[in-house]
There are 2 protein chains.
Amino acid sequence: MENRKVTIADVAKRAKVSPASVSRYLNGVEGNLSPDTADRIRQAIDEMGYQPNAWARSLKTRRSGLLAVVAADLSNSYVPSVLDGIDSAANDAGYSLIIGNAKNDQSREAMLLERLHQQRIEGLVLQSTAEHSSGPLRSLMESGIPIMLIDRSVDGQSDLDLVALDNRGAISMALGHLRAQGFSQIIYVTDPPDMASSRRERELAVMASRSSWAAVRVVVRRDATPAALVEAIGDLLTDSERTAVLCSNAVATLYALDAIQAGGWAVPGELGLMMVDNPDWAPYVLGGITSVAQPTHDLGRQAAMRLLHRIRHPAIPPMEMRLPGQLIVRKSTQ
Amino acid sequence: MENRKVTIADVAKRAKVSPASVSRYLNGVEGNLSPDTADRIRQAIDEMGYQPNAWARSLKTRRSGLLAVVAADLSNSYVPSVLDGIDSAANDAGYSLIIGNAKNDQSREAMLLERLHQQRIEGLVLQSTAEHSSGPLRSLMESGIPIMLIDRSVDGQSDLDLVALDNRGAISMALGHLRAQGFSQIIYVTDPPDMASSRRERELAVMASRSSWAAVRVVVRRDATPAALVEAIGDLLTDSERTAVLCSNAVATLYALDAIQAGGWAVPGELGLMMVDNPDWAPYVLGGITSVAQPTHDLGRQAAMRLLHRIRHPAIPPMEMRLPGQLIVRKSTQ
DNA sequence: CTGAAAGCGCTAACAT
DNA sequence: ATGTTAGCGCTTTCAG
């Protein structure tokens, strides 16, 4: 049955009722239909392969059933996992999900946000590429479209909701574990912290620990050459102290693994290793890499649920939600 | 400026022109406007923070600017990579992307497809969970909505486009490499092949190789217990022949790594290992795992570009596009 | 319980 | 070059 242009009117004609009744049937309205008409309508719909047109409906009801996620970088394994959580909550509520990939480019992010605004999304989950709100983001806010920030904040303490890892807690958990394992020197490997509050928070927490425990010697940025990390590790290993590398996330860990392979150091014999994040390969590399797992799936789910709640109750004040990491001890620090 | 309900009519009034002129301005129509009116319109739009309403536009033009991707399982690392490719092509063409996650559940997939149909997507990229076309999928086809299958076919040689890895070629590449490296026994580890033609194609290619090279001794399904794999490997290792494990994808490899860790075998000393797929951790596990890389990003891009092409030219006949894998030799097979 | 009619915001003839 | 008008397909008063 060719349903290219089957409209509610066609169905109505076929069922010998008014378009209004078909609409009522479709929406299961209270003021019920007689069983007879309902039947005829159902039948007509089946026979004609009718599919309601969501645009027309949206135009009238001002609800699109569309949520959007704009991620900083799709190729970071953090994102798909969070996305999975968002998707499941969104779908349970009958929403579809539009996805945007900013590719770590602020102007691209801005363009995406503008497009989504025109698409009349009902809510947005944003892992922002920018420190400060762009024009399109503000425009979205002014239109009263609920926005949930994840992973990273925007404009510091803003008036937007935020769901993110408790970065300070995660770092202190990691450092605590390393200290307990007898490591007395730490090399912290991180991405350049600009543009991502989460990175900055982690790095700050690492630095702050120096006051209570003067063990952190080096912070290496991933924008340095790989050789720089090899050298940094090599330098510290001349000491007699036990040394560990702590990585700010999974991608930074791959970078560190490269250096460790190049340097030929034994883990955990000569060098400890752990990371924030718990990718699926963590148990299998070097016999298992100790991790502070982020509750990524749950984080996405929470964000989406909160967003959906806010869509229904716009008045509730924004809040910051910090999810705890979970220490998973493996061979690389034992 | 509160732009909740700024319409083209409001802008028109403010700019003292007709709605039609504003529309013309928005769409950069040929029959040009005088620089003066254009200016007034631009100004009015700025001042009022006007955002065109995509639904209304779609309703009229019958173009939604929406593409959809429905993936079998978002948590498989294959998907985000392909998605990235699709996203970049879609965005370049000004389309937004709706994403659906079937979670390996056919009925969930069917529900998603129906929702997308109502959303009036202009095209669909589908990694199907089902062997055969569901009602909603057929309905989509009958409505003339272009569909690109990726990774897996549906209904065998169907009348839908397909973009996928050249599985036979990939397997023969892998086997050829193993043979050249002196391995004389192969254990093939795969997911249960039901519901995914790609898995079946790979397994068939492995089995077919037996006629020319009687080296493949065991095929282990991931639905067996982990212990089964340990046992299978243990059994074969009593031989004096060189043995390798070949995994059908990254997830199966994690499973095999578990067994290898449990068995305590040295790679590549006692046991070779390689896989189809090249996840970001491949270089770092066991000193590097030999891979046949899938061109995932390119696969997504090709699929999206072909889809966009088909949207413009519905008449072109469907075709099957097979992308070659690429052998990346690492330590695990040397 | 059901129908008639008025739009939602936009575009595309058709006029002028 | 610009304005008028008639819908796109649906929901929703308001009557009956």
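Throughout, a chain's letter reflects where its sequence line sits, starting with A, and its residues are numbered from 1. Predicted model, so just to flag it, every value in this text is computed and none were measured. The figures that follow rest on heavy atoms only: side chains count, while hydrogens, waters and symmetry mates do not.
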Salt bridge check: are B:Asp87 and B:Arg301 linked by an N-O gap of less than 4.0 Å?
no
Any salt bridge between A:Lys103 and A:Asp73, counting N to O under 4.0 Å?
no
Proximal nucleotide (of C:dC14, D:dT11, D:dC8) relative to the B:Arg24 side chain:
C:dC14
Selection from C:dG9, C:dA12, D:dT12 that lies nearest to any side-chain heavy atom of B:Thr61
C:dA12
Toward the 5' end of DNA chain C, which comes first, A:Leu59 or B:Ala20, by nearest nucleotide?
A:Leu59
For a quick test of reading the model: is some side-chain N or O of [X] closer than 4.0 Å to OP1 or OP2 of [N]?
X        : N      : result
A:Arg120 : C:dG9  : no
A:Ser18  : C:dG3  : yes
A:Tyr50  : D:dC10 : yes
B:Arg63  : C:dT11 : no
A:Asn53  : D:dC8  : no

Using a heavy-atom cut-off of 4.0 Å across all strands, would you classify A:Ser23 as base, sugar-phosphate, or nothing?
base
With heavy atoms under 4.0 Å as the rule, sort A:Thr37 into base, sugar-phosphate or nothing.
sugar-phosphate
Could you state the [atom1]-[atom2] distance from [X] to [N], rounded to the nearest angstrom?
X        : N      : atom1 : atom2 : result
B:Tyr25  : C:dT11 : OH    : P     : 14 Å
B:Ile8   : D:dT2  : CD1   : C1'   : 14 Å
B:Arg57  : D:dC10 : CZ    : C1'   : 20 Å
B:Gln119 : D:dG9  : CD    : P     : 17 Å
B:Lys13  : C:dG9  : NZ    : P     : 12 Å
B:Arg62  : C:dG9  : CZ    : P     : 20 Å
B:Leu26  : C:dT11 : CG    : P     : 6 Å
B:Gln118 : D:dG9  : CD    : P     : 15 Å

Between the side chain of B:Arg62 and the main-chain N/O of B:Leu59, is any donor-acceptor distance below 3.5 Å?
no
Can you find a donor-acceptor pair, distance only, under 3.5 Å between B:Lys60 side chain and C:dG9 base?
no
Heavy-atom check, side chain of A:Met321 versus side chain of A:Leu162, under 4.5 Å
no
Start with the C-alpha gap between B:Thr129 and B:Gln106, add the side-chain angles, then the distance that decides, and say whether side chain to side chain donor-acceptor pair (under 3.5 Å) holds.
CA-CA 6 Å; B:Thr129 298; B:Gln106 299 186 215; over 6 Å; no
Given DNA chain D, 5'-ward residue of the pair B:Ser21 and B:Ala56, judged by closest heavy atom:
B:Ser21
